[in-house]
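The block underneath contains the structure these notes are about, expressed in structure tokens.
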Amino acid sequence: MSSPESHPSAAPPPEPSEEQPEALPIVAPQLRALRRRSALTLEAAARTAGLSPAHLSRLETGQRQPSLPMLLALARIYGTTVSELLGETVADRDAVVRAADMEPTRAGGWTYWQAGASGRGMQALRVHVPHGSQGDIVRVHPGEEWLHVLRGRLRLRLGDAGHLLGPGDSAHFDSLTPHRLAAQDPDGVELLFVHTLLQSPTATLCLGPTPGETP
């Protein structure tokens, strides 16, 4: 009969993510840089990832190494890939986006075209907003927005203030300010739109949060 000391379950093995703290040296600074690029506080990112702020802080300082499920979760939150979290760069990312390569996508009546490369800290779009579409949707979310009117007129509501923007006019504001966008004219309005919140899907930026979803 085996003694308690020799029983294989007497000493549970250490967690795999903590066995070799030197295995992923680049991850810690990448985690912090990507979180800051995503305009998320330590507390907000940890809550979304299902971690404690203390645990995420230890990951960012290299005191703990993340498991693969943690890397996948953090990559989703920061709107990036596990490869970027590991410090790998994309060698063939093209800086130029040709008009012929911009495929239109429609959501909630709006039409938008990706005007920038993926995997960047900013999301650039060309957007057509039809008259009477989504004008009652109030958007509130982290990040900054910049928009420039190309054609038509835009009714922009920022907090309690209303603005009418024409061709050549721009607006740059904190996205935590409640805001609404609507076309003033029957032909709609066409915009250039840049947003810093990398993890927001394009359709969400246009549509606002879906019912029951946190902005």
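In this text the structure is predicted, and so the values were computed from the model without any measurement.
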Taking the side chain as every heavy atom from C-beta outward, state whether R98 and V96 have any atom pair closer than 4.5 Å. yes
Minimum-distance pair of heavy atoms, taken over all atoms of P104 and T111: CB-CG2, 3.9 Å
Would you check, one step at a time, whether the test side chain to side chain contact (heavy atoms under 4.5 Å, CB included) holds for T48 with Y78? CA-CA 10 Å; T48 306; Y78 300 154; over 6 Å; no
For side chain to side chain contact (heavy atoms under 4.5 Å, CB included), just list the numbers for V189 and Q184, CA-CA rounded to whole Å, side-chain angles, deciding distance to a tenth of an Å, and then say yes or no. CA-CA 8 Å; V189 61; Q184 174 73 12; over 6 Å; no
Once rounded to the nearest 0.5 Å, what's the spacing between atom CZ of R58 and atom CZ of R64? 5.5 Å
Donor-acceptor contact present, side-chain R47 to main-chain G50, <3.5 Å: no
Say whether, by atom type as modelled, one donor and one acceptor occur between the side chain of H55 and the main chain of P53 under 3.5 angstrom. no
What's the spacing between L74 CG and L56 CG if we round to 0.5 Å? 6.5 Å
Criterion side-chain hydrogen bond (donor to acceptor under 3.5 Å, both in side chains) against D185, the qualifying member of R155, R153, H131: R153
Taking side chain as C-beta onward, heavy atoms only, is V138 less than 4.5 Å from H179? no
Audit row: L154, L191, side chain to side chain contact (heavy atoms under 4.5 Å, CB included) steps and yes/no: CA-CA 9 Å; L154 175 73; L191 312 170; 4.1 Å; yes
Shortest non-hydrogen contact from L165 toward A171: CD2-CB, 4.0 Å
To the nearest 0.5 Å, atom CZ of R180 lies from atom CG of L156 at 10.0 Å
Under a plain distance cut-off of 3.5 Å, with no hydrogens placed, do H172 and E145 share a side-chain donor-acceptor pair? no
Which heavy atom of R157 sits nearest to which heavy atom of D160, and what is that distance? NH2-O, 2.9 Å
Could you tell me whether Y112 and H128 have their ring centroids closer than 6.0 angstrom? no
Checking the side chain of S133 only, and the main-chain atoms of P130 only, is there a donor and an acceptor separated by less than 3.5 Å? no
Grab the two heavy atoms, one from G159 and one from T177, that are nearest each other, plus how far apart they are. N-CG2, 3.6 Å
If you group Ile, Leu, Val, Met, Phe, Trp and Tyr by side-chain heavy-atom gaps below 4.5 Å, do V97 and F193 land in one group? no
Are L158 and L181 linked, directly or through intermediate hydrophobic residues, by side-chain heavy-atom contacts shorter than 4.5 Å (ILVMFWY only)? yes
Which atom names give the shortest non-hydrogen contact between R139 and I137, and what distance separates them? NH1-O, 3.3 Å
Specify the closest pair of heavy atoms between G188 and A183, including all atoms of both residues, with the distance to one decimal. CA-CB, 3.7 Å
The single option from R36, R35, Q30 passing side-chain hydrogen bond (donor to acceptor under 3.5 Å, both in side chains) against E60: R35
Report yes or no: do L42 and L51 belong to one cluster of Ile/Leu/Val/Met/Phe/Trp/Tyr joined by side chain heavy-atom distances under 4.5 Å? yes
Quick check: is F173 connected to V149 through a chain of hydrophobic side chains (ILVMFWY, heavy atoms under 4.5 Å apart)? yes
W113 with L192, same ILVMFWY side-chain cluster at under 4.5 Å: no
Is there a side-chain contact between L125 and Q114 in this structure, where contact means two heavy atoms from C-beta onward sitting under 4.5 Å apart? yes
